[in-house]
Amino acid sequence: MGKNILIIHFSRLGDMIQSLPAVKLLSETEPRPRITYACLEEFSRPLRHVPWIDELVSVPLATVNEILNEKGIKPEVVERWIEGMPPFRRNYDLLINWTHNQGSGYLCSRINSIRKEGRISGAGNEILVSGNWGKYLFAAVRHRTNNPINMSDIYIGMTGVKHRPASATLPTDPESDAACRERLWEMGLGESHIPIGLQLGASSMNRVWPVENFIRLGEMLSSRLNARIVLFGSEKERGLAEMFLRGANFPTIDLVGRTRIDDLPPLLKCVRLLVSNDTGPMHIAAAVGTGTVGIFASTAYFSLTGPYGEGHIAVQSNYPCAPCLNSTRCDHPLCAEAITVETVWEAVCLALGEAAGGEKIRGAALYRSSFTQEGLLDYRPVSGENNSFAAWLISRRDMQSRAVHALWAPWLGLERRDAPVRTGDGGTAFVFSTLGTACVEYLEIYREAMDACRSILREFRRDRPRIEYIKSRIEMLNKTELKIIKGEAPPLLKEINEFIMAEAAVCNFPQLARELLEKYAVMANIVTRFERGC
Amino acid sequence: MRVLVVGAIQGGTAPLCGPLQKAFADAGQESDCLDFSPHSEEFLRLQFSGDEERTYRFHLDIRLELLEKIRRFEPELVFGIAQSPLHDPEILGALRKAGIKLAFWFVEDYRAFDYWKRICHLFDRFFAIQKEPFSRLGNFHYLPPACDPDSCDLPAAERDIAVSFVGAPYPNRVNFFARLNCAGFRIFGEGWSACGNPCVEVGNRRLSAREARSVYARSRINLNLHSETDPVGFGGDFVNPRTFELAGMGAFQLTNMRKHLPLHFDPADEVIALSRWEDMKAAVEYFLKHPQEAEEIAARAKARAMRDHTLRQRAEEVLNFFM
């Protein structure tokens with residue numbers, strides 16, 4: 001009898017599709033588990049044909065916004081709602097929450113499960129993140145340039161199954177495939193054409209590559225490759241489509257606002273390649289096995305949200321301020337505009353296996369996806385600008401992310417991907433040594449904190465504990481906490497530290513000293529292992 | 001149009017008074033200015049003296065000086081700069097009754113100074129360097145800082161300072177600069193002496209505008225880290241006056257990314273704007289080794305500043321509302 005597993009994923013379409021490799025690999029464990037997948041109703045239809053989801057629970061976005069919102073959870077309202085939702089009243093062996101909001105954490109705290117992963121509210125409704133991979137996920141979203149692990153692999157990590165490549169993670173219905181092929185034929189797709197899809201919009205206008213650029217790219221594709229352009233997009237993106245059609249002087253199949261969300265997978269399966277901003281359709285294309293060229297600007301960053309699968313090309317803006325954080329997101333992003341049409345053309349050639357045109361890459365660096373020996377998706381640089389700060393910085397970030405992988409891999413149960421290079425041009429070696437220095441600094445801080453905890457415990461064992469002495473050690477603990485917050489920590493460490501410390505039981509000294517000692521030891525172990533590895 | 005520019009008593013906006021008056025004149029208007037900065041020492045002395053009577057007298061004298069200037073010059077527009085003593089509702093009400101148009105340029109961070117709430121509604125036009133929270137005001141207009149081409153036009157200086165910062169020790173600067181391991185880094189600004197940073201060159205006084213410009217011109221890299229009360233804060237909205245001044249001088253700068261920055265400069269081509277402190281540190285390392293690239297970026301910033309961001313252009317933008 002397989003395990004009973006509940007997955008809660010009240011997120012956008014792209015995030016949901018990125019979780020499908022994890023769901024598929026989870027379903028392949030023996031004995032086969034029974035998987036219940038709860039998602040937003042608005043995005044649920046493409047999942048109806050996924051055979052490894054045994055039960056699909058769809059919840060309207062309005063309900064999630066009303067009941068499970070970020071703030072102001074009303075327990076009695078949630079309880080009443082759960083009463084009417086039988087799947088949330090069952091007992092599970094494993095509950096995984098991939099949703100980022102606080103309300104979902106509260107919901108998870110109310111569901112019975114032997115093991116829970118992801119965001120789960122604590123007894124006092126405090127934010128807890130259960131499991132190492134879950135903690136890594138929430139830390140990585142704040143450190144996109146330092147994180148080399150793709151979101152799909154983080155999801156796989158959270159399920160507990162061993163990483164390995166997963167393909168065809170979004171099966172389609174053969175009848176729908178045939179109907180969509182037929183529809184494209186009727187709309188002008190000929191035998192000799194290479195069907196290439198363009199996704200003009202994105203969830204945020206900041207992430208949109210200019211439509212004028214898409215037009216020029218379309219021209220090049222039509223004239224040089226005899227491509228037939230197929231426009232994808234929702235009703236909201238009609239304006240972009242109209243602009244495209246006004247400017248285009250080549251035949252175009254316009255599906256913008258003319259497809260149901262459940263037709264999207266079979267339609268995307270019909271095109272040879274999709275050129276897209278970082279969007280849900282980009283992930284759907286990858287999940288049905290279609291090649292993609294993803295354009296990443298503004299807050300988007302390829303290493304975390306690049307499409308899952310082999311051979312995809314990521315076009316990553318190399319603006320020094322990209323990817324922006326919420327606090328640095330600008331009014332008028334130039335990073336997307338700066339990615340030239342020639343650069344995306346090169347990416348298309350790489351994705352199609354055509355001889356590249358030797359065009360000058362500007363405004364971006366190109367990466368191609370493949371799988372590592374340990375089964376993780378890896379985006380490797382294939383081309384970029386030379387001789388500029390922007391190019392130098394993005395390659396420095398690549399090195400940094402590999403060093404960061406070496407830091408967190410043992411804690412996540414992974415092999416270290418790259419051995420640090422001691423000699424060389426000062427690049428990789430410098431990055432590893434800088435990270436090593438930060439680890440040494442934090443090891444010292446954690447040792448201080450552990451010493452303070454031990455002193456408190458020793459003092460409490462005395463017949464007459466000296467209160468003033470204990471107070472001084474507690475003061476020392478406070479100071480070390482401040483050092484952890486203010487210091488220049490190895491990437492992701494502060495966030496993971498916060499999540500680990502939040503798991504300490506709410507209690508008084510001396511029990512609290514025991515709790516903290518255990519947590520500091522975990523953190524000290526992480527930085528020590530990196531140091532030893534170097 | 002007869003325009004009277006009213007300057008600040010003290011603070012970073014005080015040196016703007018004269019150049020802004022000239023900017024209005026260059027824009028073809030008859031302009032004059034009332035520079036209160038000579039009163040700054042007395043103002044600071046009284047601020048902490050507890051002497052209520054002298055303080056009252058000081059502010060009365062300031063008001064009288066303002067009214068006397070208005071009586072003599074008979075302006076059609078009074079344009080106040082941030083920190084100027086243009087905040088008395090009675091005086092402002094009387095000026096409006098007399099048919100004088102009133103405008104104010106709030107060259108401040110609204111989070112650090114909240115006096116805008118008391119005065120913004122007293123002006124026909126309220127200009128600010130941030131869009132929020134002002135966008136709901138009916139009389140608001142976004143007016144970013146600018147450079148004064150006359151002050152920017154300095155003889156070429158030898159770049160004998162590797163990396164510099166000029167400004168006050170806000171918590172984010174104190175925190176981040178303590179972690180910049182750069183041998184040639186030098187800090188200038190009042191209040192830094194108490195921060196224990198070995199890179200402090202002048203830490204007990206505010207540099208004059210001329211001295212600051214000299215440091216900018218001599219520096220291979222100017223760090224322009226915008227002020228933040230959060231020690232680890234790195235983002236924000238407004239673009240500070242230093243950004244425009246450095247650009248106008250053709251001085252190379254590294255700045256933290258700002259929401260409004262791309263409206264004024266290309267954050268990769270004219271200034272280098274970063275979203276993370278670790279990237280700013282890396283940029284220092286890079287540009288010390290690539291001075292030519294830094295000079296080229298700075299030259300593009302200067303061209304852009306002279307084209308789009310002079311005080312005269314700001315004066316013309318203001319005049320559009322009143323002419």
Side-chain angles (χ1 to χ4, degrees), chain A residues 142-146 206 298-299 301 317-339 362-364 385 387-397 399-400 404 426-427 430-431 434-435 437-438 441 482-491 494, chain B residues 130-132 142 144 171-172 174-176 178-181 221 226 228 230-239 252 254-290 292-294 296-297:
Chain A
R142 296 187 213 168
H143 286 269
R144 273 162 288 173
T145 57
N146 285 313
N206 278 17
S298 185
T299 51
Y301 203 67
S317 162
N318 66 8
Y319 255 49
C321 49
C324 38
L325 310 172
N326 282 338
S327 60
T328 60
R329 191 161 22 183
C330 65
D331 278 345
H332 180 70
L334 302 173
C335 52
E337 287 175 25
I339 300 171
R362 278 184 50 215
E385 274 182 72
N387 304 324
S388 74
F389 170 65
W392 178 84
L393 184 64
I394 202 160
S395 89
R396 165 84 161 237
R397 284 176 181 162
M399 287 186 262
Q400 172 97 0
V404 170
F430 178 82
V431 166
T434 306
L435 187 56
T437 307
E441 188 185 323
L482 208 60
K483 280 188 198 171
I484 291 166
I485 293 164
K486 286 182 77 174
E488 201 148 324
K494 283 185 194 178
Chain B
Q130 286 158 306
K131 294 185 179 180
E132 298 303 335
Y142 173 66
N172 62 329
V174 173
N175 180 35
F176 288 131
R179 302 185 167 276
L180 185 67
N181 299 317
I221 298 173
H226 287 65
E228 275 267 3
D230 176 1
V232 292
F234 205 72
D237 49 5
F238 68 93
V239 183
F252 176 71
L254 298 176
T255 186
N256 49 328
M257 186 59 185
R258 315 294 292 173
K259 193 176 175 191
H260 303 332
L261 181 70
L263 298 172
H264 313 302
F265 294 103
D266 187 316
D269 204 42
E270 294 166 337
V271 300
I272 296 293
L274 293 316
S275 291
R276 297 157 195 80
W277 168 247
E278 69 198 45
D279 290 343
M280 189 175 263
K281 263 178 49 165
V284 168
E285 178 198 328
Y286 176 87
F287 282 107
L288 284 175
K289 291 180 191 154
H290 298 84
Q292 186 55 37
E293 192 177 337
E296 286 163 12
I297 292 167

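Convention: sequence-line order gives letters A, B, ...; per-chain numbering from 1. These numbers come from a predicted model, not from an experiment.
- Residues B:Lys281 and A:Glu488 share a closest heavy-atom pair of NZ-OE2, 2.8 Å.
- Across all their heavy atoms, A:His332 and B:Leu263 have their closest contact at CB-CD2, 3.8 Å.
- Side chains of B:Asp269 and A:Leu334 form no contact here, defined as non-hydrogen atoms less than 4.5 Å apart.
- Side chains of B:Asp266 and A:Tyr319 form a contact here, defined as non-hydrogen atoms less than 4.5 Å apart.
- Between A:Ser388 and B:Tyr286, the shortest heavy-atom distance links the atoms C-OH, 3.4 Å.
- When side chains are defined from C-beta on, B:Met257 does not count as touching A:Leu325, because their heavy atoms never get closer than 4.5 Å.
- When each of B:Ile297, B:Asn175, B:Asp279 is checked for heavy-atom pairs under 4.5 Å with chain A, B:Asp279 comes out on top.
- None of A:Cys335, A:Cys330, A:Cys321 except one satisfies the side chain to side chain contact (heavy atoms under 4.5 Å, CB included) rule with B:Pro262; the exception is A:Cys330.
- Contact count versus chain B (heavy atoms, under 4.5 Å) is highest, among A:Pro323, A:Pro491, A:Ala322, A:Gly363, for A:Pro323.
- Between A:Phe389 and B:His290, every side-chain heavy-atom pair lies at or beyond the 4.5 Å cut-off.
- For A:Ile485 against B:Val232, the heavy-atom pair with the smallest separation is O-CG1, 4.3 Å.
- Counting heavy-atom pairs closer than 4.5 Å to chain A, the top residue among B:Phe234, B:Trp277, B:Phe287, B:Phe176 is B:Phe287.
- One finds the OG1 atom of A:Thr145 at 5.5 Å from the CD atom of B:Glu278 (value rounded to the nearest 0.5 Å).
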